[in-house]
Amino acid sequence: MEADLAVLNAPQRASARTSLRTAAVVGPPNTGKSTFFNRLTGASARVANWPGMTVDVLTARVLMGGTMLRLADLPGIYSLEGHSEDEMLVEGFLATVPLHAIVAVVNATRIELQLPLVLALKATGLPLLVVLNMIDEAAQLGVVIDTARLATELGVPVVPVSAKFGHGMETAKRSLAALLDAHPAPAVADFGAVPARDARERESMRLCAHAVRMPLALPAGATARIDRVMLHPWLGIPLFLLAMFAIFQAVYGIGVPLQDAMKWLLDGLKSNMLAPLLAQAPPLARSFVLDGLVDGVGTVVTFVPLMAVFFAAMALVEDSGYLSRAAWLMDALMARLGLDGRAFVMQLMGFGCNVPALLATRVLRNRAARLLSMLVIPFSLCSARLQVFLFLTTAIFSPTAAPFVLFALYLLSFAAALLTALVWRRRYTSREPLLMELPPYRLPTLSMVAAEAWRATSHFLRRASGFIVAGVLLIWVLTRLPPGSAPAGPETLAGWAASAFAPIFEPLGIDPLMSIALVFGFVAKEIVLGGLAVVLSAGTDRLAGALAARLDWVSATSFMIFALVYTPCLSAIATLREEAKSLRFTALAVAWPLLLAWLASFVFYQGARALGF
Ligand SMILES: Nc1nc2c(ncn2[C@@H]2O[C@H](COP(=O)(O)OP(=O)(O)OP(=O)(O)O)[C@@H](O)[C@H]2O)c(=O)[nH]1
Ligand SMILES: [Mg+2]
């Protein structure tokens, strides 16, 4: 993500290195800090119309004239006296990291509420540039800001910008460069000089009276009209479920044909190029490459287009501002479970990957609420599990039934989360009322949705590729050794391990060999599918058939229920441990889902069989 120094000649490079400057982007939540940061540096920080998207420090380098600037994107803060984990992170950052400048990004349409923070930042003594972002929305609403006057009265440079559309970025860049030139020595923030809140609010009102003209009444815009339907007391939740269901339909409708094309491509590659190429190789080596590496990894690769479609759909939900509505709609229900609406949204974020969702709990101020949220998030059906379920549902169920089964699995994932909250809310009680502003609806741009789909998919691949290759190869070794034994037969290492696990999985109707894939799924769910392909010695083209021949819908569903609930992957567990800083809590977060998964599969499988299915 760092700008390339290679474009410079040697002396320039040396001077850019020696004059490395550091600055940070600071401001209230959801003002477009990450959008601004991405525009300036070309980085790809995650952007969403949701206060609290950024929870960690992300840095990138950018060349500004002759100086190399290291810019940090920070989480949003309401004040410098905040107590949530992400706010304390920002305060700690400003108090300890020497900076040459800070860039305060505020939402121009809410300037009167956000100036007090700017005044506090100015009082810390750090050189300051004020960016009035979302100037496009301000113009639409009729908010007029005299930036020159504001700059004079504040005594710091002020630039109007629309980071989303790229307006004013050149001026912002020049102002920042000038600020850096004027202040060559870095410093840390001095919080001692920050005036009291009342004094800042009075000063902010005075400044606004001089430099800002607000319309008498803000026009009742599209947001209010849309919300009359979306937040309707009766329609709100059904509409939300409908929207989610539409996403899954789209994932199947657009993603599956793309996936078929990918399968066809990989198959051709395997049978027309790789197989002839390896015709002379020893059988064990040929099997290792073709049945292990190519089948295992190939099965996973065919899902890449599908996942890109899914991530694009989620980016639409996140960037439109609907996510905050989901929190609002679910708040009453979540409050009964000892959580708040934001926990529900983190659950939705977990659809992509549980790890960022776990990190997103940093915006919760109360530790008990945070722990309870971290306990429920791993039930969120992440994209790695989605991959397994997409495959199994299409292999076992009819094309009309498959989306419903998948939707039911999402409902089950919420049910497991709700049950967990109900059971554990007394142990982790908290009372923190939800105070969240609903941002206006914003039309996501195509480039942003595409960028997010790309970011998430490539992140998934980078994260997963090592796991997948190592996992499927290990499974290949276990199912093919000792040499000479029938693939995945009882005398192989895997067969031996499977019989050891049999007493646990037999009552669930899960075939011992399939349980091997589950055991590996403990490391990363991405391995499950590749693992199945290797265990059943079936390529991308034949795996669906092999599974359908082996499983009826009851045992397939039991397998999926277990895979959904059983345990977060190793990365999620590591994140949990890191964030909760408690070994006991981490142990609970592993043991509880295991127990729940076994019970859920047991009840389903035995129940269905008892009913004669
Ligand atoms: N209309 C408009 N929308 C913008 C502009 N800049 C950012 N946005 C949108 O505002 C929302 C928030 O953007 P982010 O960059 O994630 O905001 P942030 O300040 O980093 O948010 P946190 O990390 O949650 O504090 C997104 O939906 C952006 O697309 C702008 O100049 N105009
Ligand atoms: Mg951000």
Side-chain angles (χ1 to χ4, degrees), residues 24-41 43-60 71-79 82 84-87 89-90 93 102-111 113-114 117-118 130-141 143 145 159-169 171-172 221-223 314-325 327 342 345-346 349 356-357 359-364 436-452 455:
V25 181
V26 190
N30 210 37
T31 56
K33 295 178 298 299
S34 299
T35 312
F36 178 84
F37 170 83
N38 287 350
R39 275 265 175 218
L40 205 67
T41 62
S44 53
R46 206 159 162 209
V47 166
N49 197 4
W50 163 258
M53 190 64 238
T54 308
V55 289
D56 214 341
V57 182
L58 187 68
T59 63
L71 192 62
D73 180 28
L74 299 180
I77 52 171
Y78 290 103
S79 72
S84 67
E85 198 110 347
D86 57 336
E87 284 177 313
L89 183 134
V90 174
F93 185 94
I102 41 184
V103 181
V105 176
V106 296
N107 177 344
T109 68
R110 306 179 63 82
I111 184 164
L113 295 172
Q114 303 193 337
L117 176 63
V118 173
V130 176
V131 169
L132 296 179
N133 191 29
M134 308 198 173
I135 210 74
D136 56 304
E137 284 186 359
Q140 262 170 23
L141 293 173
V143 177
I145 302 173
V159 282
V161 155
S162 169
K164 179 171 177 175
F165 299 103
H167 304 311
M169 289 305 295
T171 318
T223 291
M314 287 308 286
L316 273 178
V317 174
E318 286 178 359
D319 210 42
S320 60
Y322 189 55
L323 214 51
S324 314
R325 271 73 188 177
R342 283 172 300 181
V345 164
M346 287 158 200
M349 284 181 188
L359 293 174
T361 59
R362 288 184 183 182
V363 301
L364 303 177
M436 199 182 64
E437 43 181 299
L438 297 180
Y441 285 105
R442 299 195 162 105
L443 205 61
T445 57
L446 193 63
S447 62
M448 211 132 98
V449 170
E452 174 58 19
R455 191 200 60 77

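First listed ligand is number 1; within each ligand, the first listed atom is number 1.
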Within 4.0 Å of some non-hydrogen atom of W50, the atoms of ligand 1 are 24 (O)
Between N30 and N107, do the side chains contain an N or O donor and an N or O acceptor separated by less than 3.5 Å? no
What's the shortest distance from atom 5 (C) of ligand 1 to any protein heavy atom, and which residue and atom give it? K164 CB, 3.4 Å
Verdict with reasoning, L364 to R342, per side-chain contact (heavy atoms from CB on, under 4.5 Å): CA-CA 9 Å; L364 303 177; R342 283 172 300 181; 3.6 Å; yes
In this structure, atom 6 (N) of ligand 1 is nearest to the protein heavy atom N133 ND2, 3.2 Å
Ignoring angles and geometry beyond distance, decide whether G52 reaches within less than 3.5 Å of ligand 1 through its nitrogen or oxygen atoms. yes
Using atom types as modelled and distance alone, determine if a side-chain donor or acceptor of E452 lies under 3.5 Å from a backbone N or O of V47. no
Can you list the steps and then say if V57 with L89 is a side-chain contact (heavy atoms from CB on, under 4.5 Å)? CA-CA 9 Å; V57 182; L89 183 134; 3.5 Å; yes
The option among L443, D136, L58 carrying the non-hydrogen atom nearest to atom 2 (C) of ligand 1 is D136
For atom 29 (O) of ligand 1, closest protein heavy-atom neighbour: M448 CE, 2.8 Å
among protein heavy atoms, the one nearest atom 9 (C) of ligand 1 is R442 CD, 3.8 Å
Applying side-chain contact (heavy atoms from CB on, under 4.5 Å) to M134 and Q140, what does each step give before you reach the verdict? CA-CA 10 Å; M134 308 198 173; Q140 262 170 23; over 6 Å; no
So is I135 polar-close to ligand 1, meaning N/O to N/O under 3.5 Å? no
Under 2.8 Å: N/O/S of T35 next to the Mg ion (ligand 2): no
Which heavy atom of S34 sits nearest a heavy atom of T54, and at what distance? OG-OG1, 2.9 Å
Using the ring of F165 (Phe, Tyr or Trp, six-membered ring only), decide whether R39 places NZ or CZ under 6.0 Å from its centre and within 45 degrees of its axis. no
Looking at K33 and P28, would you say the former's side chain and the latter's main chain have a donor-acceptor pair under 3.5 Å? yes
Nitrogen or oxygen atoms of L74 and ligand 1 under 3.5 Å apart: no
d(T109 OG1, I135 CD1) to nearest 0.5 Å is 9.5 Å
Quick one: does ligand 1 sit under 4.0 Å from the side chain of A48, the backbone, both or neither, non-hydrogen atoms only? backbone
N/O/S atom of M53 under 2.8 Å from the Mg ion (ligand 2), yes or no? no
Can you tell me the protein heavy atom closest to atom 21 (O) of ligand 1 and the distance? N30 N, 3.1 Å
To the nearest 0.1 Å, how far is atom 25 (O) of ligand 1 from its closest protein heavy atom, and which atom is that? K33 NZ, 2.8 Å
For M349 and W50, which heavy atoms make the closest approach, and how far apart are they? CE-NE1, 3.2 Å
Nearest 10° is fine: what angle sits at the Mg ion (ligand 2) between OG from S34 and OG1 from T54? 90°
Only one of V161, T35, V25 forms a side chain to side chain contact (heavy atoms under 4.5 Å, CB included) with V105, so which one is it? V25
Determine, considering heavy atoms only, which of T54, L323, T445, T35 sits nearest to atom 23 (O) of ligand 1. T54
Can a non-hydrogen atom of F36 be found less than 4.0 Å from any atom of ligand 1? no
Who's closest to atom 10 (O) of ligand 1 heavy-atom-wise, of R46, R39, M134? M134
Please work out whether any backbone atom (N, CA, C, O) or any side-chain heavy atom from C-beta onward of P444 is under 4.0 Å from ligand 1, and answer side chain, backbone, both or neither. neither
Nearest non-hydrogen partners of N49 and S320, listed with the distance: ND2-O, 3.5 Å
Got a donor-acceptor contact below 3.5 angstrom from the D136 side chain to the S162 backbone? no
Could you identify the single nearest non-hydrogen protein atom to atom 27 (O) of ligand 1 and state the distance to 0.1 Å? D319 OD1, 2.8 Å
Residue, atom and distance of the protein heavy atom nearest atom 17 (O) of ligand 1 read G32 N, 3.0 Å
